[in-house]
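As structure tokens, the structure follows; a few thoughts come after it.
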Amino acid sequence: MAPVWSSCSNRFVLAATKLQSHTCFTTAIVIPLYHYSTIPQPYQPNPPNPSPKLVPLQLHKQNQSIPISFSSLNYKESIISAIKSISHKTHLLQIHARILTTTLIQDPAVSHHFLCRVSLSGPLQNPDYSRRFFEQISYSFVSHYNTMIRAYSLSDSPQKSLFLYRDMRRRGIAANPLTSSFVVKSCIRFLYLLGGVQVHCNIFKDGHQSDSLLLTALMDLYSQCQKYDDACKVFDEMPMRDTVAWNVMISCCIRNNRTRDALSLFDVMRSENYKCEPDDVTCLLLLQVCARLNALEFGERIHSYIMDHGYGGAMNLSNSLISMYSRCGCVDKAYEVFMGMKNRSVVSWSAMISGLAVNGYGREAIEAFEEMQRNGIQPDDHTFTGVLSACSHSGLLDEGVSFFDRMISEFRITPAIHHYGCMVDLMGRAGLLDKAYQLITSMEAKPDSTVWRTLLGACRIHGHVTLGERVIEHLIELRAQEAGDYVLLLNLYSSAEQWEKVVEVRKLMKQNSIQTTPGCCTIELNGVVHEFVVDDISHSRRVEIYNTLDEINKQLRIAGYVVELSSELHKMDNRGKGYALSHSEKLAIAFGVLVTPPGTTALRVASNLRICVDCHNFLKLFSAVYNRDVILRDRKRFHHFRQGHCSCSDYW
DNA sequence: CTAGGGTTAG
């Protein structure tokens, strides 16, 4: 049987008899009384003899008292404005009591405002408190549910909003699009895909399947739950797509490692078919993509788009530009943006510091750090990540240690795993392996796989086999071993010439069917990002590319290049069988030579792994023989090759 | 007779 109230919209109130009894509404009997719009005027108190309860409220706080004058006519308005403005806890408590003990309890507007005040802002802000009030008033409008569900969705226990939502449906109260959007938000908060799917179904049942805002929220849900295809499906089925919808789609691509697709969406959304103007958020997202893909030209396009559309003054965009330019290896451009800013926040300074650091300007990064403090900007944890990585990239051991100590004692920042990572890198590079190991074991937080992996890398450099074995045990314990770890271990054994162990590790890898991450490079030419994996044969111009590579190899051999395979098994082909002959770096370079005239710009390549010795030698010679600069960004840092030299002294 | 929705810098 249909619930009795379903015929009179959702506007019903509880039987007056239940009003004062503070019944928990789950057990209350709900009787529709009337449409609220037809209420004669029950809440215009103006009582001839005001009952003591309606006497103006005197709010006391220690020795001061705040009188709130209630002219009898706008009693309700006064209460509402009091609810909105009151900033002291006890006053709100008094109002709470006042509402419960008077006819105010029957007023949806009053209860709504009170619910908002105690759940979303103000001194009592606490979903449990609002839930109590919610149950005390014992009648429920969608708006009350919405407020409550929203409060939960923002709280530490977003699951509760889903419970309340289910409760609400069980009572036959129709959800409106807002209700659903709050619930979706909660599902995103705790990545509850199944619940989200349930809500998605209900949205259809409720007939809200064309609400583009709701659909956008659902896309975000699927995207954050790694359901790229489902997100795309929702996107495809959207009747109207505004800029935000496109933005969510782009962020979905980024989240799910479809970075090149994300880039292409910029032009698709602007095309004739869709005519959707990118906004500042679009730019923010795309700058992130450019930084990842090393797509400088595209980044510059976004930069001019920002300028042309009047977003130039936005702090977040400038910060993002700084980061993009420096991660594309153009510190000078990053610096230009930085200098052009009217105001600079910690974020700007930190971005600049990290930018300098990652490009090998360690000293300059430290100078920037000091300059920043002279400008009265307090560093935060991100700033120190930049400073510490500056030290580690430039081998400034003592400075790094002292910054680490100052960060803790002077700036009261508890080191995060990131900071430990930098320190381990720093110490490991300097050969202080045991100290680095001690540092990791002394950490309060549980060390994660990255930290151990950093140490393993250092063991590999210094050929410290016993420590390396201990580290791999930790990684195994974390169940976080990746192919790269085994490769490092393999290299460690082979550099120590322990060949039996090498065989053993190989067997182990085969047994556990460990997949190596395919080495993958991107190179941007004429604004298009090309991608190559090891021994790639998928490119349409593969024949020309391999011919060019052969030619380059020939030229370099004349100059004394020798392929170095034995000592370095850094990257293997993607089937994990053996040594790859054409690392993606070389393919990208060959392609660059193929499509650009000689002596033009530098070739800029980004790689997802660390560069190997062989490729490093190859690129050094290439830069001299072909007289072309190569800027290679590997997983950790930049290598600027020029005239047979590299900005990093040794290859690592 | 209220107000409440989706993307977002280092």
Side-chain angles (χ1 to χ4, degrees), chain A residues 11 36-39 41 43-44 76-77 80 83-84 107-117 119-120 141-151 153-154 175-185 188 208 211-221 223-224 234-235 238 241-255 278-288 291 306 311 314-324 326-327 334 337-338 341 344-355 357-358 372 379-387 389 418:
Chain A
R11 306 205 138 188
Y36 186 59
S37 51
T38 62
I39 290 176
Q41 31 176 272
Y43 315 128
Q44 298 285 333
K76 176 181 141 186
E77 281 72 21
I80 289 177
I83 290 172
K84 283 185 178 167
D107 189 313
V110 170
S111 51
H112 177 84
H113 277 116
F114 191 79
L115 205 56
C116 283
R117 184 79 179 139
S119 61
L120 300 174
F141 289 90
V142 199
S143 58
H144 291 127
Y145 272 104
N146 285 354
T147 310
M148 213 45 246
I149 288 175
R150 183 156 103 107
S153 80
L154 302 170
N176 63 22
L178 276 105
T179 328
S180 316
S181 94
F182 296 139
V183 185
V184 172
K185 194 94 196 177
I188 293 175
H208 300 145
D211 186 316
S212 30
L213 269 76
L214 258 184
L215 291 177
T216 315
L218 281 168
M219 269 173 64
D220 198 33
L221 174 88
S223 141
Q224 302 217 30
V234 177
F235 186 70
M238 276 174 82
R241 301 187 196 102
D242 62 359
T243 305
V244 182
W246 284 95
N247 291 346
V248 175
M249 193 62 237
I250 292 171
S251 100
C252 173
C253 291
I254 299 176
R255 275 213 175 83
D279 64 359
D280 48 340
V281 178
T282 322
C283 296
L284 232 37
L285 290 164
L286 286 170
L287 285 175
Q288 234 183 79
I306 290 171
Y311 299 133
M315 168 92 80
N316 50 0
L317 280 171
S318 300
N319 296 339
S320 206
L321 278 170
I322 294 173
S323 162
M324 185 277 289
S326 38
R327 288 187 60 193
V337 175
F338 179 77
M341 291 174 76
R344 301 178 191 96
S345 69
V346 222
V347 182
S348 331
W349 283 97
S350 310
M352 198 61 243
I353 291 171
S354 316
V358 81
M372 160 184 165
D380 66 4
D381 46 340
H382 289 274
T383 323
F384 276 101
T385 311
V387 174
S389 85
H418 245 85

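In what follows, every chain begins at residue 1, and chains take the letters A, B, ... in the order their sequences are listed.
Using bins of under 30°, 30° to 60° and over 60° for the plane-to-plane angle, the ring pair A:F235/A:W246 lands in the perpendicular bin.
Of the candidates B:dA3, B:dT8, B:dG10, B:dT8 carries the atom nearest the A:N316 side chain, counting heavy atoms from C-beta on. Side-chain proximity of A:V244 to B:dG4, B:dT2, B:dG6: nearest is B:dG6. Among the nucleotides B:dT8, B:dT2, B:dA9, the one closest to any side-chain atom of A:H112 is B:dT2. When distances run from any side-chain atom of A:L214 to the nucleotides B:dG10, B:dT7, B:dG5, the shortest one goes to B:dG5.
The distance from atom CD of A:Q288 to atom P of B:dG10 is 6 Å, rounded to the nearest whole Å. Whole-Å rounding puts the A:R117 CZ to B:dT2 C1' distance at 16 Å. The distance between atom CG of A:L213 and atom P of B:dG6, rounded to the nearest whole Å, is 8 Å. Note: CG (A:L321) to P (B:dA9) measures 14 Å, nearest angstrom. For A:L120 and B:dT2, the CG to P distance is 18 Å, given to the nearest whole Å. Here B:dT7 presents its P atom at 17 Å from CG of A:L286, a figure rounded to the nearest Å. Taking atom CH2 on A:W349 and atom C1' on B:dA9, their separation rounds to 17 Å, with Å as the unit.
Residue A:K185 has a polar side-chain atom (N or O) positioned under 4.0 Å from OP1 or OP2 of B:dG6. Contact annotation: A:R255 reaches the phosphate of B:dT8 (side-chain N/O to OP1 or OP2, under 4.0 Å).
No hydrogens or angles considered: a donor-acceptor pair under 3.5 Å links the side chains of A:N176 and A:T179.
Every residue two or more places apart in sequence or in another chain was checked for a ring pair (Phe, Tyr, Trp, His ring centres under 6.0 Å) with A:H418, and none qualifies. Remark: A:T383 pairs with A:V346, A:S350, A:I353, A:F369, A:M372, A:P379, A:D380 by the side chain to side chain contact (heavy atoms under 4.5 Å, CB included) rule, at least two apart or across chains.
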